[in-house]
Amino acid sequence: MFKRIWSIYYDGLSHLPRWAKIVAVVVAAKLFIMFVVFKLLLMPNYLNKTYATDEEKSNHVLQELITKPKL
Amino acid sequence: MTELTMTSIVEWSRWQFAMTAIYHYMFVPLTLGLSFMLAIMETLWVRTGKTEWLHAEKFWMKLFAINFAIGIATGLILEFQFGSNWSNYSWFVGDIFGAPLAIEGIFAFFMEATFFAVMFFGWNKVSRRFHLASTWLVFIGSNISALWILVANAWMQNPVGMEFNPLTARNEMADFWAVLGSPTAMSKFFHTVTSAYTLSACFVIGVSAWFILKKRNMEFARKSILLASVFGFFSILVTMFTGDTSAQDVTRHQPMKLAAMEGLNRGGEGADFTIIGIPCKDETLPSERMRTVEYGIAVPKMLSFLGYHDFNAYIPGVEDILNGYTSHEGETYPSVEQRMANGRKAIAALGTYKTAVEAGNDTLAAQSLGTLREHFSDFGYGYLESPDEIIPNIPLVFYSFRIMVGLGMLFVLLFALSWWFARKRAFGKFRFMPYFALICIPCAYIASQCGWIVAEVGRQPWVVQDLMPTHVAITDIASGWVMTTFWMFAVLFTLLLVAEIGIMLSQIKKGPKEA
């Protein structure tokens, strides 16, 4: 079944009409900007980037909850 | 970190999240509703053999595909923001939020993506019935995706089915079915998806009206209007019904949101429902966040009825909530000052518990854990400095609610008139009708966005109701960084929207293949 679905995708994408090709280019550019520029470069996960273990992450957030200033 | 910088990060992060969510939700509702209408059109074709339904479906499927493809994954930017800007929140909500989103990603999205290929590329490659099943599965998949997202959102509005682990600072799922089946989740899901169906019906009628104005593809347009008007009419009826259940849920779990929606300062039994009015500043009120509704036109006792289906039920106003009250169901809520004191005890107990566990002092740990559990329901109040911080932006919530409801009423009229005129083949005879239908397309998007403003601004200052205020959820990152990414998102999403509208308009101008 998955082979059949793959062939449907493959045939469909190889014979896209012009408007669909434009959409595909827009989608590809969007996904590149989202996953490479935003996710990797600009918006990494703060806790994953800063702390190695779940225990360290817990301790950080606990500290934040206990000491967070009031506005 | 200074207070000014902190406020700036919170405000910029909120603006960034709001802007992203607004853009994201411009793509979502059409996917939810148009997929349903495509499935109905294809079923009509398979059952009757009339090719006009097949051609209609193929035309609307093109617009669906453009919207689906360009909108796909825009919601992931919200998830990126959880990790970068709202890390305390992401950690605190733990697997309560993670589980529904994971199910959404793995199950519903892949189901949607797999059968989307069959639906879009599979003509003449699979049997009619298999194709029809794929079209229905795309509709089911997209709506199940929405279910999981809305379950997660509903939990933030009414946190149930979890237990807070003070060692990990995370909420852990204690009862999956309580999270999934909470009345807040159910009413939110059905209200949101049926309002998306309504928007899609407005879209189909509006685009079809354009063909009628241009005197092109008249029979295709008439058939599309007939189907969409019936579909839209039933959808808006269910939207109204679920709006009623949502109102009851808000009355019970988020009374401040209800008071803000109404601009109600002092409540009471048999509270009136304001149809229209102007919330004005009033120096005599105890807080500058409060408003007095001037020039109001109200229906007597209707708010009590909407809240509890009882014309004489007690509804608390802003002042009642600040000072403490006893609800219609007999539950007593202390004043906000008292809840702030309780919250501070809970926060202090969390700190003591951590120290006691590290020092191996079991007695102190047990004692502080008891205090934390006793006051955990007021945990978030401990971060407030002044009781009136729990009052959301009243004018914004008040007007958004009225715009949403008013436009909803307008759509009832649109669907009834569209059905009547299309049936009589007179849709284009009265010039106002096609223009009315066209104007209803942006109106439907405005109504949808207003609904989200009521839901999300109305629950401020909470990211998790009563447990975590917005400023505690934030990551300590530079506000300049958030500002930069805000403008980058704004440019990206605006370009995507322009691309979507441009490509859609070019395909609409080409029109469908005539039967």
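Just so we're on the same page: letters track the sequence lines, and every chain starts at 1. The model shown is predicted, which means the values in this text are computed figures rather than measured ones.
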Novice: Inspect the contact between Lys345(B) and Asp378(B) and indicate whether a charged nitrogen and a carboxylate oxygen are less than 4.0 angstrom apart.
Specialist: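 Looking at Lys345(B) together with Asp378(B), the answer is no, because their closest N to O distance does not fall below 4.0 Å.
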Novice: Side chain, backbone, both or neither: which part of Met488(B) has a non-hydrogen atom closer than 4.5 Å to chain A?
Specialist: both
Novice: Compute the ring centroids of Tyr381(B) and Trp462(B), then answer whether they are less than 6.0 Å apart.
Specialist: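 For Tyr381(B) and Trp462(B), the ring centres are under 6.0 Å apart.
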Novice: Looking only at heavy atoms, which two atoms of Phe27(B) and Asn67(B) are closest? And how far apart?
Specialist: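 Scanning both residues completely, I find the closest heavy atoms to be O-ND2, 2.8 Å.
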Novice: Can you tell me which of Leu42(A), Leu31(A), Val37(A), Ile33(A) forms the most heavy-atom pairs within a distance under 4.5 Å of chain B?
Specialist: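 Ranked by contacts with chain B, first place is Leu42(A).
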Novice: Take a 6.0 Å sphere around CD of Glu337(B) and say whether it holds more than 12 heavy atoms from other residues, nucleotides or ligands.
Specialist: no
Novice: Give a yes-or-no answer on whether the side chains of Thr470(B) and Tyr89(B) include a donor-acceptor pair shorter than 3.5 Å.
Specialist: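 Note: Thr470(B) and Tyr89(B) side chains miss the donor-acceptor criterion.
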Novice: Let's test your reading of the structure: which of Leu65(A), Val23(A), Leu47(A) forms the most heavy-atom pairs below 4.5 Å with chain B?
Specialist: Leu65(A)
Novice: So what's closer than 4.5 Å to chain A heavy atoms on Asn85(B): side chain, backbone, both or neither?
Specialist: side chain
Novice: Hey, which of Met34(A), His60(A), Glu55(A), Lys49(A) has the most heavy atom pairs under 4.5 Å with chain B?
Specialist: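 Winner by heavy-atom pair count: Met34(A).
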Novice: Side chain from CB out, backbone as N, CA, C, O: work out which of these in Lys125(B) comes under 4.5 Å of a heavy atom of chain A, or both, or neither.
Specialist: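 Both parts, backbone and side chain.
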Novice: Test your reading of the model: is there a side-chain donor-acceptor pair from Lys30(A) to the backbone of Ile70(B), 3.5 Å cut-off?
Specialist: yes
Novice: In terms of heavy-atom pairs under 4.5 Å, which option from Ile22(A), Asn59(A), Val27(A), Asn48(A) contacts chain B the most?
Specialist: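 The candidate making the most pairs under 4.5 Å is Val27(A).
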Novice: Measure distances from Leu495(B) to the heavy atoms of chain A and classify the residue's part below 4.5 Å as side chain, backbone, both or neither.
Specialist: neither
Novice: Can you tell me which portion of Lys510(B) sits under 4.5 Å from chain A's heavy atoms? Options are side chain, backbone, both or neither.
Specialist: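 Interface part for Lys510(B): neither.
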Novice: Tell me whether the rings of Phe68(B) and Phe116(B) are parallel (<30°), tilted (30 to 60°) or perpendicular (>60°).
Specialist: parallel
Novice: Measure distances from Glu500(B) to the heavy atoms of chain A and classify the residue's part below 4.5 Å as side chain, backbone, both or neither.
Specialist: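 Glu500(B) has no heavy atom closer than 4.5 Å to chain A.
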Novice: Given that the side chain runs from C-beta out, which part of Pro461(B) has a heavy atom under 4.5 Å from chain A: side chain, backbone, both or neither?
Specialist: neither
Novice: Can you say whether the rings of Trp19(A) and Phe120(B) are parallel (under 30°), tilted (30 to 60°) or perpendicular (over 60°)?
Specialist: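 Plane angle over 60°, so perpendicular.
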Novice: At a 4.5 Å cut-off on heavy atoms, which part of Leu350(B) comes close to chain A: side chain, backbone, both, or neither?
Specialist: both
